[in-house]
Peer 1: 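Below you will find the structure I want to go over with you.
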Amino acid sequence: MRPTRVNELLGIRYPILQGGMAWVAKAQLAAAVSNAGGLGIVGAGNMPPEIFEQEIRKIKELTDKPYGANIMLLSPFVDDIIEIAIRERVPVITTGAGSPQKVIDRAKEIGSKVIPVVASAYHAKRVERQGADAVIAEGTESGGHIGELGTMALLPQVVDVVEIPVIAAGGIADGRGVVAAFALGAEGIQMGTRFVCSTESPAHQRYKEAIIKAGDRDAVVTARATGHPVRALKNKLSREFEKLEKRCAPFEEYEKLGTGKLRAAVEDGDVEWGSVMAGQISGMIKDIKPVKDIIEGIMAEADETIRKLYNML
Ligand code: TUI
């Protein structure tokens with residue numbers, strides 16, 4: 001595949017970004033993705049600012065290639081995280097779960113690129129007006145905090161209303177997915193769940209195995225009632241969330257049940273009571289392999305898929 005505007009904008013060999021998954025997207029994984037020719041991203045999530053700063057310093061030692069940081073805008077530490085990202089001159093900043101205006105304003109001062117994640121064409125248009133350099137259109141197939149629209153419907157509608165490059169996310173884990181996204185107008189893709197199941201991913205072995213064991217209907221949505229729906233693998237925690245929804249529990253109960261549960265799953269391997277955030281494509285992921293093999297395998301498969309399509313003409 002020829003380079004796209006995303007390759008050019010980010011200075012990367014392959015138009016593949018790694019999602020900014022809280023607790024998983026640490027320096028070790030992000031550096032592996034950048035070293036393999038994609039864009040590795042350190043996810044700040046709800047991390048305390050000191051830990052985020054350490055991870056940024058670590059990735060600078062582990063790679064001399066472009067890398068990024070993801071700022072989760074609902075974080076209680078968001079202002080400190082922004083300051084650190086600017087002070088450390090992080091070259092690419094992606095944002096999630098909110099409006100990125102303050103990040104864009106600060107990043108412009110130092111020439112860093114800002115790529116917000118959006119879940120609607122309306123927000124895509126708005127972030128373009130605010131000065132975003134590209135946009136990640138994330139479908140509801142994704143793991144973690146999600147929007148309503150599926151990638152198939154969201155992508156072309158975003159592509160039609162913006163001029164900046166569009167990166168597709170949600171439900172992509174192989175070369176066929178890449179080509180499908182490009183057919184809909186994307187110029188790059190972002191993957192999360194596929195990279196959780198990589199050798200370099202710091203997720204607990206039981207977290208990786210839970211994704212490998214998952215079937216196509218196992219990544220379910222909980223906490224819709226709170227306005228912050230989250231997709232994670234079915235387990236005791238998700239069933240407990242379902243009970244809260246059935247009895248229309250007050251939001252504080254969701255918060256109490258959810259606090260610390262992602263970290264418990266990722267770091268302690270608590271896949272029963274922890275939050276095993278993962279996307280709908282989990283059912284297709286059957287192995288754990290090095291990041292380089294994942295990326296090169298997907299690019300080779302994308303070329304093969306394009307050849308097959310060409311033969312249909
Ligand atoms: O942010 C994500 N995925 C996440 S964040 C996260 S941590 C968390 N845990 C529990 C509850 C909430 C968060 C786990 N996974 N993806 C990017 C994303 N952003 N998906 C959807 C959006 C989004 C939603 C609304 C972006 C913008 C938006 O509104 C824009 C505005 O202007 O308000």
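In this text the structure is predicted, and so the values were computed from the model without any measurement.
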Peer 1: Hey, what do you get for CD1 (I84) to CD (Q54), rounding to the nearest 0.5 Å?
Peer 2: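 Between I84 CD1 and Q54 CD, I get 10.5 Å after rounding to 0.5 Å.
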Peer 1: So does P290 get a backbone contact from the side chain of S198, meaning a donor-acceptor N/O pair under 3.5 Å?
Peer 2: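 The answer is no, because no donor-acceptor pair under 3.5 Å joins these two groups.
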Peer 1: Hey, is the main chain of I164 close enough, under 3.5 Å, to the side chain of E128 for a donor-acceptor pair?
Peer 2: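 Yes; at least one donor-acceptor contact below 3.5 Å.
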Peer 1: Taking atom CD1 of I146 and atom CD of E138, what is their separation to the nearest 0.5 Å?
Peer 2: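 It is 8.5 Å, given to the nearest 0.5 Å.
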Peer 1: Under 4.5 Å between any side-chain heavy atoms of M284 and I281, yes or no?
Peer 2: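 In contact.
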Peer 1: Provide the closest heavy-atom pair for V158 versus A137 in the form atom of the first, atom of the second, distance.
Peer 2: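 Distance-wise, the nearest heavy atoms are CG2-CB, 4.1 Å.
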Peer 1: Using a 3.5 Å distance criterion without hydrogens, assess whether the side chain of S238 forms a donor-acceptor pair with backbone atoms of N235.
Peer 2: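 Checked: pair present.
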Peer 1: Okay, side chain of K113, backbone of D133: is any donor-acceptor separation there less than 3.5 Å?
Peer 2: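 Not confirmed, K113 side chain does not pair with D133 backbone.
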Peer 1: Determine whether the side chains of Q205 and E209 contain a donor N or O and an acceptor N or O closer than 3.5 Å.
Peer 2: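 Judged by distance alone, the side chains do pair up.
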Peer 1: Would you call E267 and H204 a side-chain contact if the rule is heavy atoms closer than 4.5 Å?
Peer 2: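 Result no, sub-4.5 Å side-chain heavy-atom pair not found.
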Peer 1: Could you tell me whether the side chain of V196 reaches within less than 4.5 Å of the side chain of I211, counting heavy atoms only?
Peer 2: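 Result yes, sub-4.5 Å side-chain heavy-atom pair found.
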Peer 1: Kindly determine whether E200 and Q28 satisfy side chain to side chain donor-acceptor pair (under 3.5 Å), including the steps that lead there.
Peer 2: CA-CA 7 Å; E200 294 90 338; Q28 172 189 315; over 6 Å; no
Peer 1: Mark yes or no for whether S75, through its side chain, and M72, through its backbone, hold a donor-acceptor pair below 3.5 Å.
Peer 2: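 It does not hold such a pair.
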Peer 1: Indicate the atoms forming the closest heavy-atom contact of G11 with P66, along with that distance.
Peer 2: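 Looking at all heavy atoms of both residues, the shortest contact is O-CG, 3.4 Å.
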Peer 1: With a 4.5 Å cut-off on side-chain heavy atoms, are S201 and F195 touching?
Peer 2: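 Heavy-atom side-chain distance check fails, nothing below 4.5 Å.
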Peer 1: Does the side-chain contact (heavy atoms from CB on, under 4.5 Å) test come out yes or no for I172 and R176, once each step is laid out?
Peer 2: CA-CA 8 Å; I172 303 170; R176 295 171 301 177; over 6 Å; no
Peer 1: Decide, yes or no, whether a salt bridge links K308 with D303 under the criterion of side-chain N to carboxylate O below 4.0 Å.
Peer 2: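 Salt bridge between K308 and D303, a charged N being under 4.0 Å from a carboxylate O: no.
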Peer 1: Mind running side-chain contact (heavy atoms from CB on, under 4.5 Å) on M1 and I306 for me, showing each step along the way?
Peer 2: CA-CA 9 Å; M1 258 171 32; I306 293 169; 3.6 Å; yes
Peer 1: Ion pair present between E253 and R247, side-chain N to carboxylate O less than 4.0 angstrom?
Peer 2: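 Looking at E253 and R247, the cut-off is met.
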Peer 1: What closest approach, in Å, do V114 and A107 show between heavy atoms, and which atom pair accounts for it?
Peer 2: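 Closest pair (atom of V114, atom of A107, distance): CG2-CB, 3.3 Å.
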Peer 1: Would the number of heavy atoms belonging to other residues, nucleotides or ligands and lying under 6.0 Å from CD of E296 be above 12?
Peer 2: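 It does: E296 CD has more than 12 such atoms within range.
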Peer 1: Compare all side-chain heavy atoms of R206 with those of D268 and state whether any distance is below 4.5 angstrom.
Peer 2: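 Heavy-atom side-chain distance check fails, nothing below 4.5 Å.
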Peer 1: Under the 3.5 angstrom rule, does the side chain of D293 hit a backbone N or O of K289 as a donor-acceptor pair?
Peer 2: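 No, the answer is negative, given that no donor and acceptor are paired below the 3.5 Å cut-off.
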Peer 1: So, do V90 and S112 sit near enough that their side-chain heavy atoms are less than 4.5 Å apart?
Peer 2: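 Side chain of V90 against side chain of S112, heavy atoms only: no contact under 4.5 Å found.
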Peer 1: Let's go through F182 and I189 carefully: what are the C-alpha distance in whole Å and the side-chain angles of both, what is the deciding distance for side-chain contact (heavy atoms from CB on, under 4.5 Å) to 0.1 Å, and is it a yes or a no?
Peer 2: CA-CA 9 Å; F182 277 46; I189 61 111; 4.1 Å; yes
Peer 1: Give me the atom names and distance for the closest heavy-atom approach of A69 to I41.
Peer 2: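 Where A69 meets I41 most closely, the heavy atoms are C-CG2, 3.7 Å.
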Peer 1: Inspect the surroundings of CZ in R87 and state if more than 12 heavy atoms from other residues, nucleotides or ligands are less than 6.0 Å away.
Peer 2: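 More than 12 within 6.0 Å, yes.
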Peer 1: For the pair K58 and E61, find out whether any cationic side-chain nitrogen is under 4.0 Å from an anionic carboxylate oxygen.
Peer 2: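 Answer for the salt bridge query: no.
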Peer 1: Would a distance-only check, ignoring hydrogens and angles, find a side-chain to backbone donor-acceptor pair under 3.5 Å from D218 to L233?
Peer 2: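 No; zero donor-acceptor contacts below 3.5 Å.
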Peer 1: Would a 4.5 Å heavy-atom cut-off, applied to side chains only, mark R126 and S99 as touching?
Peer 2: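 Yes, at least one pair of side-chain atoms sits under 4.5 Å.
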Peer 1: Are more than 12 heavy atoms from other residues, nucleotides or ligands located less than 6.0 Å from atom CD of E148?
Peer 2: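 Counting neighbours around CD of E148, 12 or fewer heavy atoms of other residues, nucleotides or ligands fall under 6.0 Å, so no.
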Peer 1: Can you tell me if T140 uses its side chain to pair, donor with acceptor, with the backbone of L149 under 3.5 Å?
Peer 2: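 Checked: no pair found.
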Peer 1: Answer yes or no: is there an ion pair linking E109 with R106, defined by an N-O contact shorter than 4.0 Å?
Peer 2: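 Salt bridge flag = yes for R106 with E109.
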Peer 1: Side chains of M21 and L29: closer than 4.5 Å at any heavy-atom pair?
Peer 2: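 M21 reaches L29 side chain to side chain.
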Peer 1: In terms of hydrophobic clusters joined by side-chain contacts under 4.5 Å, are I16 and I12 together?
Peer 2: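 Not linked; separate clusters.
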Peer 1: Do you know the tightest heavy-atom contact between A210 and V276?
Peer 2: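 Looks like CB-CG1, 4.4 Å.
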Peer 1: Do other residues, nucleotides or ligands put more than 12 heavy atoms under 6.0 Å from the NZ atom of K60?
Peer 2: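 Yes, NZ of K60 has more than 12 neighbouring heavy atoms, counting only those of other groups under 6.0 Å.
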Peer 1: Measure the CG-CG distance between D270 and L262 for me, rounded to the nearest 0.5 Å.
Peer 2: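 Rounded to the nearest 0.5 Å, the CG-CG separation comes out at 11.5 Å.
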Peer 1: Is a donor on one side and an acceptor on the other found under 3.5 Å between the side chain of Y310 and the backbone of T305?
Peer 2: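 Absent.
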Peer 1: Got a salt bridge between E245 and R224, using NZ or NE/NH1/NH2 to carboxylate O under 4.0 Å?
Peer 2: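 Salt bridge flag = no for R224 with E245.
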Peer 1: Hey, could you give me the CG/CG distance between L17 and L39, rounded to the nearest 0.5 Å?
Peer 2: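 Separation between the atoms: 4.5 Å.
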Peer 1: Without swapping roles, check the side chain of Q157 against the backbone of A153 for a donor-acceptor pair under 3.5 Å.
Peer 2: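 At least one qualifying donor-acceptor pair exists.
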Peer 1: Please determine if R231 and E141 form a salt bridge, counting it only when a charged side-chain N lies under 4.0 Å from a carboxylate O.
Peer 2: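 Salt bridge between R231 and E141, a charged N being under 4.0 Å from a carboxylate O: no.
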Peer 1: So which heavy atom on I59 is nearest to which on A30, and how close?
Peer 2: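 Here I59 and A30 meet closest at CD1-CB, 3.5 Å.
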Peer 1: Do the side chains of E8 and R5 get close enough for a salt bridge, i.e. N-O under 4.0 angstrom?
Peer 2: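 A salt bridge is absent here (no side-chain N lies under 4.0 Å from a carboxylate O).
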Peer 1: Could you walk me through whether N7 and R13 pass the side-chain contact (heavy atoms from CB on, under 4.5 Å) test, one step at a time?
Peer 2: CA-CA 6 Å; N7 297 64; R13 178 158 183 211; 5.7 Å; no
